[in-house]
Amino acid sequence: MKFELLKKDPESNARRGRLTTDHGTIETPIFMPVGTVGSVKGIYQRDLDNDINAQIILGNTYHLYLRPGLKILNKAGGLHKFIHWNKPLLTDSGGFQVFSLTDNRKLTNEGCTFRSHIDGSKHTFTPENNVETQRIIGADIIMALDECTPGNADHNYAAKSLALTQQWLERGAKHFDETEPLYGYHQSYFPIIQGCIYPDLRRKAAEHAISLEREGYAIGGLSVGEPIEKMYEMIEVIHPIIPENKPRYLMGVGTPANILESIARGIDMFDCVMPTRNGRNGMLFTWNGIINIRNNKWKDDFSPIDTTGTSFVDSYYTKAYLRHLMIAGEMLAAQIASEHNLAFYLDLVRESRKHIEAGDFLKWKNEVVKKVQNRL
RNA sequence: GGGGAGAUACCAAAGCGGCCAACUGGGGCAGACUGUAAAUCUGCUGACUUAUGUCUUCGGAGGUUCGAAUCCUUCUCUCCCCA
């Protein structure tokens with residue numbers, strides 16, 4: 001994997017870069033659609049590729065490990081082949097599930113024991129077997145197993161949690177270096193920087209992570225309940241510590257405004273379920289603000305979904321029709337809304353790249369942030 | 001013609017003397033959702049009020065009672081069974 005820093009914004013920490021993997025090139029800043037169980041919910045891979053222009057998508061180790069399971073994934077020749085996606089893939093380790101399935105898991109120094117949310121069966125992730133699992137899945141970028149610390153954790157808990165994440169990280173990195181990819185293309189292992197909302201812990205976590213000299217670094221444990229200003233502050237704390245020729249991935253973020261603000265603070269990669277989940281629930285993101293398409297006011301609005309949108313759905317369908325589908329509970333509603341939102345998110349980062357190149361990113365960003373937060 | 005059942009808020013449907021402005025669904029209206037246990041979840045849904053509260057409601061009219069959606073009389077309408 002190769003990362004080229006193409007341009008630095010003189011007025012902010014924003015960066016324009018290019019990440020090259022064996023499955024293709026990713027122009028950064030980039031948004032990565034989330035496809036937890038081997039599918040970006042409601043979206044054909046064909047549309048992801050041609051309509052939305054996704055450059056890389058995610059999968060999730062915990063979910064794929066449970067279903068379809070490693071045997072099938074291995075037999076399929078890895079996730080790319082299994083799901084028919086020839087562009088880059090990134091898998092999350094399951095660290096977020098350590099956080100979100102908190103009632104069904106137990107943490108030890110050794111690793112994390114889960115109860116499956118599907119059948120209650122017991123499974124253990126260790127940093128080592130988690131790397132092996134992600135070798136079998138075969139993502140281009142694999143993530144370290146971590147504990148995603150809740151945003152309201154106190155300093156004491158956050159410090160202990162970080163120590164565990166760091167111990168796991170060292171073991172995972174070692175195991176990664178001792179093993180080979182299974183399918184003939186390169187994989188990269190990204191550490192995840194934790195530390196909750198505490199600058200000292202974040203600094204410590206970032207310094208520790210870079211000491212392991214990996215190909216990219218992720219920031220985790222943000223947008224998990226902490227005030228949004230703290231999130232930006234943590235990104236700022238970490239920014240100078242990470243070598244500038246390495247990509248930075250802010251995990252799980254976020255709203256369009258969050259993404260622009262984070263790009264301004266030096267983030268290169270994002271993922272979030274928001275465009276798909278909120279889309280399924282009737283929320284549309286546009287350059288002019290947020291639409292709740294279920295609202296009564298759209299019932300006889302026969303204008304296109306989004307005249308500024310880049311997806312075919314934006315001009316193909318009307319607001320009134322999409323509202324009708326949404327209220328009738330039709331599957332197509334979820335598909336259209338998800339496709340629109342993902343196309344918007346990809347457009348958002350595409351425009352960000354253009355404005356970084358043009359040198360007017362900061363001014364542009366400030367104008368857009370105001371607009372995209374409107375409620376239409 | 002004879003016998004029976006029933007009329008409750010937008011719809012369906014509980015309630016059968018006070019705990020009823022009225023259970024529960026649906027519908028409607030609005031909100032939430034940030035490395036997806038989510039095509040999910042939450043709130044409101046007689047009027048006026050921030051709220052305590054006040055006022056007008058359970059087919060119509062009249063009555064019994066301290067008190068009625070609930071009991072009685074009567075009218076209107078609906079449905080079912082037998083001729």
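Bear in mind the structure is a predicted one, so any value in this text is a computation, not a measurement. Only heavy atoms go into these numbers, but all of them, side chains included; no hydrogens, no water, no symmetry mates. Sequence lines set the chain letters: A, B, ... in the order given, protein chains first and strands last, and positions in each chain run from 1.
- B/U57 and B/C41: their P atoms are spaced 39 Å apart (whole Å).
- Between the side chain of A/R203 and the main chain of A/I238, no donor-acceptor pair closer than 3.5 Å is present.
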Reading 5' to 3' through nucleotides 31-37 of chain B, protein heavy-atom contacts under 4.0 Å coded B for base, S for sugar-phosphate only, - for none = BBBBBBB
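- Taking 4.0 Å as the cut-off between side-chain N and carboxylate O, A/E357 and A/K354 do not count as a salt-bridged pair.
- The distance between atom CD1 of A/I43 and atom P of B/A39, rounded to the nearest whole Å, is 14 Å.
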Mind listing the N/O atom pairs, protein and nucleotides 26-28 of chain B, below 3.5 Å?
none

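- For the C1' atoms, the distance from B/U76 to B/G59 is 8 Å, rounded to whole Å.
- Using modelled atom types, one side-chain atom of A/H80 and one backbone atom of A/K87 make a donor-acceptor pair closer than 3.5 Å.
- The distance between atom CD1 of A/I336 and atom P of B/A39, rounded to the nearest whole Å, is 17 Å.
- B/C71 and B/U64: their C1' atoms are spaced 8 Å apart (whole Å).
- Judged by distance alone, with hydrogens and angles left aside, the side-chain atoms of A/S338 form a donor-acceptor pair with the main-chain N or O of A/A334 at under 3.5 Å.
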request  = Dot-bracket for RNA chain B, please, read 5' to 3', with Watson-Crick or G-U wobble pairs under 3.5 Å on both distances, ( ) within the strand, [ ] crossing, | other strand, . unpaired.
outcome  = ((((((((.[[[..)..(.....]]]((((((.......))))))(((....)))...[[[[[..)....]]]]]))))))).
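- Under the 4.0 Å criterion applied to side-chain N and carboxylate O atoms, A/K8 and A/E244 are assigned as salt-bridge partners.
- Ring orientation note: the planes of A/F312 and A/Y316 are nearly perpendicular, at an angle over 60° on the 30°/60° scale.
- In this structure, a donor-acceptor pair under 3.5 Å is present between the side chains of A/D360 and A/H355.
- Between A/F344 and A/F285, the ring planes lie parallel to each other; the angle is under 30°, not in the 30° to 60° tilted range.
- Of the P atoms belonging to B/U70 and B/A21, the separation is 14 Å, rounded to the nearest Å.
- With both ends at atom P, the span from B/C58 to B/A68 equals 12 Å, rounded to whole Å.
- Annotation: A/F125 is in aromatic contact with A/Y65 [ring centroid separation under 6.0 Å].
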message = One pair to check against salt bridge (Lys or Arg N to Asp or Glu O under 4.0 Å): A/E180 and A/R135. What are the steps and the verdict?
response = CA-CA 8 Å; A/E180 293 291 324; A/R135 289 283 196 205; over 6 Å; no
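- For the pair A/M331 and A/K299, nearest-nucleotide mapping onto RNA chain B gives the more 5' position to A/K299.
- Using atom C1' as the reference point in both B/G15 and B/U24, the two lie 11 Å apart (nearest Å).
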query = Do A/N258 and A/Y232 pass the side chain to side chain donor-acceptor pair (under 3.5 Å) test, and can you show the C-alpha distance, the side-chain angles, and the key distance before you say yes or no?
reply = CA-CA 9 Å; A/N258 292 161; A/Y232 298 141; 3.1 Å; yes
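- Taking atom C1' on both B/C16 and B/A32, the two are 41 Å apart, rounded to the nearest angstrom.
- Taking atom C1' in both B/U52 and B/C77, one finds a spacing of 42 Å when rounded to whole Å.
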